[in-house]
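Have a look at the structure below, then the notes.
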2 protein chains.
Amino acid sequence: MSTEEKILEAAEAIFIKDGYDGARMQDIADRAEINKAMLHYYFRSKDQLFERVFNEKAKFFFPEIAGVFSKDNTFIEKMEEFVELYIHFINQYPFIPFFIIRTINTSGKESFIEKLPFKDSLAPPIFNSYFQDSQKGLVAEINPLQFVLSVIGMCIFPFLGRPILQHAFDLKPEQFTELMELRINELKIYIRKILTP
Amino acid sequence: MSTEEKILEAAEAIFIKDGYDGARMQDIADRAEINKAMLHYYFRSKDQLFERVFNEKAKFFFPEIAGVFSKDNTFIEKMEEFVELYIHFINQYPFIPFFIIRTINTSGKESFIEKLPFKDSLAPPIFNSYFQDSQKGLVAEINPLQFVLSVIGMCIFPFLGRPILQHAFDLKPEQFTELMELRINELKIYIRKILTP
DNA sequence: AAATGAATTAACCAAATGGTTAAACCAAAA
DNA sequence: TTTTGGTTTAACCATTTGGTTAATTCATTT
C-alpha cells in the first residue's frame, strides 16, 4: 500500500471517529505509521486532507438510486426497493451518516453541504416518480417532501442514535446490524401502508 | 443576571454551536463578557462546565410523555399526540437533537448516554401501551421498537439534516419552522395509516 | 473604619497542536 | 559511479488552549 493510501485510510478512520475538530494530525500519522510531516507533504493541511476524505465519503450518505427509479414499476415498489437498498447500504458504512451530519452542522464546514447528492440526484427522481403515479391514482396523496424526509429519517436515525440503542437494549454490534436488517421489512410495511390509496 | 447564569447561558450557546471539541473556553468567556479565569472559578474545568450544560439540556432531547401516556385513549391517539408534542417541543429547541447526538457519538463522552431519559422514561410507557391495545386488537401488529425508532427518526431527522434542507429548498429559518409545524399533521396521517389494523 | 471573605482581573504557564525546515535517504537515470 | 529528484525523518516553531496564580476589587460584617 502506498504512503498516500495509508494516510487516506488512517485519515478516514480518525475523521469519522472524532470529526474535524476532534481529530489530531498526530493520531492520523500514528495510525498510518508514518511521520507527521508526511501528512503535510502529501496533503498540505488538515483542511485539505479532510476535504479529500469528505469528498470520497459524501457519496455514501445517499445511495445511488438511478437503478431503482428508472425501473418500470410503481412508486410504492420503488420506495420499498429504496429502503432495502438504503439500509443495506448504510449497514456497510454505519458511521457515515453521523460523519456527514456532524460535518454539515460544524461551523466553518457549511460549504460541504453542496457536495451531497441530495438536491440534484436524490430528490428529483423521487418527486417525479411520485407525481406520475399520483396523477394515475396509484398512490395516496401525501406531501412528497415530508414523505422523503420521513423515509430517510426512519432509515438513518437508528445509526445516529446507535449508542442509545446499544445501551438501552444491551446490543452487541452484530445484534445491532441484525436489527437493522430486520428493519428493512418492517419499514417496507410502513411505507406500503402510508402510500396505498 | 448573576455571573454564574451569564456563564451557563454563554456555555450553552457555544457548546451547542460548536460541540465539546470545537468549543473554546475563551469564546465562552467572551460571550459571557467575563474574564476567562471566572469560568474555572465557578466550574473548575471545561469538562465540568460541559457536564453541567449537558445535564440541563438532556431532558430536552426526549419530551416528558407521562401526560400523554396516562390518558385513557388508544395507542394510536397517544402516538398522534406524541408526535404533536415532540415536534412542537423540538421546534422550541431546534439545535438540541444535534447537540445530544453529537455528544453521545463523541469519544470520551459515551457515559452521557445514561443521562438520557429514553431507556427509563420514554420507551416503557410506549411499549406497555402498545401491548395493551395489541391484545384488544385495537392496533395493527408491528414491532414496537422498530416503530418507536421510526417515529423518533421521522420527527428528528429534518432538524439534524436542516442545513441540507435549507440549502436544497432555499429556506429561511421561519420557513423551516413552519415546514416542521406542517409536518405534525402529515406524520399523524402516516402513523394512523401504519397503526390502523 | 477596619477586617473579612468572596468575586474579579491580568499575567502567566505548560502542554498540545498544526505546520515548517533542512538534512538525510534512496531508487532510477545518465 | 555520479547525479537527480522524489520521499522520509527529526528537530523545530509559532500559536492556541485549558488551566493557574497572586494580587486587587468590592460588598458585607464587626
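Residue numbering restarts at 1 for every chain, and letters A, B, ... go by the order of the sequence lines.
Comparing D:dA10, D:dT8, C:dA7 against the side chain of B:Tyr42 picks out C:dA7 as the nearest. If you check D:dG19, D:dT8, C:dA10 against the side chain of B:Lys46, the one that comes closest is D:dG19. The side chain of B:Met38 sits closest to C:dA7 out of C:dG18, D:dA10, C:dA7.
For B:Arg44 and B:Glu51, the salt-bridge test fails: no basic side-chain N is under 4.0 Å from an acidic carboxylate O. B:Glu84 and B:Lys188 are joined by a salt bridge, as a carboxylate oxygen and a charged side-chain nitrogen come within less than 4.0 angstrom of each other.
Side chains of B:Asp47 and B:Tyr20: a donor-acceptor N/O pair is present below 3.5 angstrom, by distance only. With no hydrogens or angles considered, a side-chain donor-acceptor pair links A:Gln26 and A:Asp30 at under 3.5 Å.
Rounded to whole Å, atom P of D:dG18 lies 10 Å from atom CG of B:Leu39. Rounded to a whole Å, the CD1 atom of A:Ile34 is 19 Å from the P atom of C:dC25. Rounded to whole angstrom, the span from the CZ atom of B:Arg44 across to the C1' atom of D:dG19 amounts to 10 Å. Rounding to whole angstrom units, OH of residue B:Tyr20 and P of D:dT17 are separated by 13 Å. Going from atom CZ of B:Phe43 over to atom C1' of D:dG18 covers 16 Å, rounded to whole Å. Atoms CE (B:Met25) and C1' (C:dA15) sit 16 Å apart, rounded to a whole Å. At whole-Å resolution of the value, CD in A:Glu4 and P in D:dG6 are 15 Å apart. In this entry the distance linking CD1 of B:Ile7 with P of C:dT8 reads 8 Å, nearest Å.
Contact between the side-chain N/O atoms of A:Ser45 and the OP1/OP2 oxygens of C:dG18 is not found at any separation under 4.0 Å. For B:Tyr41 and D:dG19, the shortest distance from a side-chain N or O to OP1 or OP2 is not below 4.0 Å. Regarding contacts with the backbone of D:dG18, a side-chain N or O of B:Arg24 is found under 4.0 angstrom from either OP1 or OP2. Between B:His40 and D:dT20 there is no side-chain N or O to OP1 or OP2 distance below 4.0 Å.
For the ring-ring contact (aromatic ring centres under 6.0 Å, His included) criterion with A:Phe159, the lone passing option out of A:Phe176, A:Phe98, A:Phe95 is A:Phe176.
Note on A:Ala29: nothing from the nucleic acid sits closer than 4.0 angstrom, heavy atoms only.
On a pure distance criterion of 3.5 Å, a polar donor-acceptor pair joins the side chain of B:Lys36 and the base of D:dG19.
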